[in-house]
Each structure stands twice: as structure tokens, then as C-alpha cells.
Number of protein chains: 2
Amino acid sequence: MARVTQEHLDARRRQILDGAALCFARNGFHATSMQDVLKEVDLSAGAVYRYFSGKDELISAIVTEVLGEIREHFEAAARQSPPPPPDELVGRVMGSVLGGRSGMVHNGESVFPRLIIQVWTEVLRNEELSAVIHEGYSSVRGAWVKVVQGYQDAGMMRDDVPAESVARTMIATAQGFVAQMAIFGAAPVEVLQEGLRGLMSMGNPDTRT
Amino acid sequence: MARVTQEHLDARRRQILDGAALCFARNGFHATSMQDVLKEVDLSAGAVYRYFSGKDELISAIVTEVLGEIREHFEAAARQSPPPPPDELVGRVMGSVLGGRSGMVHNGESVFPRLIIQVWTEVLRNEELSAVIHEGYSSVRGAWVKVVQGYQDAGMMRDDVPAESVARTMIATAQGFVAQMAIFGAAPVEVLQEGLRGLMSMGNPDTRT
DNA sequence: TCAAAAAGAAGGATCGTTCGTTTTAGGTTC
DNA sequence: GAACCTAAAACGAACGATCCTTCTTTTTGA
């Protein structure tokens, strides 16, 4: 295929990214060989190396894309007006994160949770990717802090706890639920929402600061 | 050193496990070479292969040990009497999990959070280890469900949400906080506790089921 | 027809592991 | 108690396998 259209080139690149992401979600970045990826995308080495300079660039492209998607979903949820309560906020994020790559399924399970925890381990050993997730997280946290301050200003939440701590905790809830889905299999987002509503119903814990 | 004492053999095995765990926390299981481990523990290949039949067995031993420790910390916290509120419960788990391996530090950061998320990725590609984490999680969840039912029976929490959902959400909070510490660095456990107290103070969210 | 896309065999490097050798701790002998 | 002996612990060079990547050749589409 010579002198192909730009759409064809883009489609090839996406085909490689998707196939590689599937492999990486299954086996991790470094237990997956290039041969595994080549077999998955049904292309030769020469073809893949035309689109990516090497395995590292392929990994970086996937990690960056995943982090970008997640950041967007978190920030979109925080832009809701009026700011929804925590259970709805977290539920919306989880729904859009899991629904975003709805096509990517393996053994009946969404690939995304598995891919996300692989990404977490990869940012630990790559300064460039570490910077990406730091910046994204910082931005998301800022947006969610504002939502929490909205709760406090409206008298919906005690205001003697730092808004940042609450924002971090809500984000942690979503992250932990993703980890559970990756390890133990898919679960309805309602589980997480019910859990948050249960916690929210406990009332101001007396005089303990 | 021939005919050495059993204590020496045990110490050697532990030395290898700790050194390998440090390497794996830094770089992941499959981006860490045996040469890396040998250099870290300052032993030869022949020595290490006397204690472990191969890299896979070394990984399995570390993963199993980590999962066992975590399970014990979660179950010990649930055995508290009377059952503490969620913020104290989660705070106690985080404290003991992070304090347990207090000796293992790298660049001023506790190694354990990094090691834990590496473990999560490894159970995805090893059926044996998957069974271990499934069993441990099932047991922990059962213990925490009872605590939540205690909240509900005492009228501290609305009882129209499944206790299992709340238990899962509390566990997810701890898991997510571990992920945050691994990726973004250590943070006081108080952050997570404050966050939970903030959520708990929001009161019964009206008529939304 | 030809430039570009894809193919796929092969190279160089690194991996996990083995195995023949050396060193050592602790029991034995005088 | 000092010298010796021996089984085992540790060593480390080397092997085959596998990995990522390159590069020449073939195929393809405009």
C-alpha cells in the first residue's frame, strides 16, 4: 500500500495502539514482547516500526493517552453545574472512564482497569511519564477541591477539614475501585455510589477533630 | 560457610527477599533483571539459586508475603472492639501497613506502596497468585462487612445500602490512597482520615436511593 | 511506473539459568 | 587446642534462549 490516505495512516496507528494496549493490559508492559504485539495487531515488525520508533515510544504513547483520557473525565465531571454530591460525581467519572473505551474488551472484561494499574507502575520508572501524571493529577485535584469547597460553603459538609483532603479521598475512592475491578472483575458503579452514600449518612463524628 | 546455622540460612533468605523486593518496587518485576537483584543483595547467582529455584519463585514468594501482611493488617483492624468509625478503621490499617515494613525505605520514601501496586499487576498474569489475593480479599471483605453492619445496627449509618458496598468502598479508599502514595509520594494518614470525616459529615442525601 | 508501505529474516544485546570451581564453617582427630 | 577434613555454601564464567531492532527485499496503491 503505497501513497495511502492520511486516514489509512491514522487508522494503522490506532490499530497498533489498540492492539498493543490490549497486550499490555493482559501481561504488563515488560512481560509483553514486541512479537506478542506484532501477532496481536497482525503486522510485521517493519510496519510497526514505521509508526513508532520502538517499544518505549509505543508505551509512552499509550500511557500518555490513557492519562489524558482519565484527566479529561475527572475534569468534565467537576465542571458539572450545579456540582453534584460525591456519590454522583464519582459515579459519573467511573461511568465515563469505563464507557470511554467500551470497545476494548477481553474475556468479557473491560480492559481499561487493567491498563490503568499497569500505567501506574510505569510512571514509577519513567520521569517523563511521571511528570505527565503529576501535572494531570494536580489539575484534577484543583478542580475537585473547588467542588468540595462548594459543599462546605453551602453548609453541606463540615468546613473544619481541608478541602484538599476530601478531594484526595474522593479521588482515592475512584482509584481504589478501579484497582478492585482490575483484580476482581467488573462491578456495577452503583456499588461504589451506595458505599459513598452509606459513608455520607454517618453524620458529623462528634468532637473528634 | 558450610554447615551454617538455621538462623544464618533464614537471614540469607530474608536478605534476598528484601533486596529483591526493593528492586521490584523500584522497577517492577519484569523490568528488573536477576543481575539487578544479585547486585542489590551482593550475592552471586549460585547463592541466590540455592534459596530460590528461579525468578518466578522469588516473585511468588514476595507477592504472597506482601498479600499476607496486608490481609493481616486489614483483619486486625476489623477485630478492634468496639468497632471504630470508618476514619479510624482506615487510618489504623494504613498506619500499620506503612509501619510494618518501616525498615524498607528508598530515597526517603517507603517502598511498600510501590511494591503493592506492582503486586496488583502481577496477580493479573499468575493464576496461583490470583487465587491468593481473591481468597484474602474475600476474607477481609467479610470482616469489614460485619463492622459496617455494626454501624447500621447501631443507627450510625443508613441501613438501606448494602453493607458490602460500603465495605468495598472503604477498602477502595485505602487502596486508592496507597496508589497515590506510590505515585505522588508519602502523605500523612491524617489526609485520608480528614477526607473520610468530611464525607461522613454530609448527612443523609435526602430521597435519592 | 514508482514511491511508499509492509514484510520477515537476521544481528547484536541481554536475559535467566546452569554447573564446574573455590571458599568456608564447623566437626573430628591427635 | 591446633591442624585437618569435609560437606555445603558461594562464586562467576558461560550457555542457550529470547528480546528489540535493523535492513534488505517484496508488495501495493495511486
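Quick note: numbers below take in every heavy atom, side chains included, and nothing from hydrogens, waters or symmetry partners. Each chain gets a letter, A, B and so on, in the order the sequences are listed, and its residues count up from 1.
- DNA chain D is contacted by both A:G46 and A:D36; A:D36 maps to the nucleotide lying nearer its 5′ end (nearest heavy atom per residue).
- Of the candidate nucleotides C:dG16, C:dA5, D:dA10, C:dA5 has the atom nearest to the side chain of A:V4.
- One can place CZ of B:F52 at 12 Å from P of D:dA10, the figure rounded to the nearest angstrom.
- When the C1' atom of D:dT21 is taken as reference, atom NZ of A:K55 falls 12 Å away, rounded to whole Å.
- If you take CZ of A:R12 and C1' of C:dA7, they are 12 Å apart, rounded to a whole angstrom.
- A residue-by-residue look at B:T5 and B:H30 shows that B:H30 has its nearest nucleotide of DNA chain C further toward the 5' end.
- At distances below 3.5 Å, at least one donor-acceptor pair connects side-chain atoms of A:S96 with backbone N or O atoms of A:V93.
- Remark: A:Y51 is in phosphate contact with C:dA6, judged by side-chain N or O atoms under 4.0 Å from OP1 or OP2.
- Across C:dA6, D:dC20, C:dT17, the shortest atom-to-atom separation from the side chain of B:Y49 is found for C:dT17.
- At whole-Å resolution of the value, CE in B:M34 and C1' in D:dA14 are 18 Å apart.
- Ion pairing of B:E194 with A:R168 is absent here, as no side-chain N (NZ or NE/NH1/NH2) approaches a carboxylate O to less than 4.0 Å.
- When the C1' atom of D:dA13 is taken as reference, atom CG of B:L38 falls 13 Å away, rounded to whole Å.
- Closest to the side chain of B:S44, from the set C:dA6, D:dG12, C:dT17, is D:dG12.
- For B:K39 and C:dG16, the NZ to P distance is 13 Å, given to the nearest whole Å.
- Here the side chain of A:A47 is nearest to one of C:dC15, C:dA6, D:dA10, namely C:dA6.
- Atom CG in B:L9 sits about 14 Å away from atom C1' in C:dG26, given to the nearest Å.
- To the nearest angstrom, P of D:dA10 lies 14 Å from CZ of B:R13.
- With respect to the salt-bridge test (charged N to carboxylate O, under 4.0 angstrom), the residues A:R26 and A:E109 do not qualify.
- Shown here for B:W120 and B:A179, the closest heavy-atom pair between the two residues is CZ3-CB, 4.4 Å.
- A parallel orientation is assigned to the rings of A:F184 and B:Y137, their planes being inclined by less than 30° (bins at 30° and 60°).
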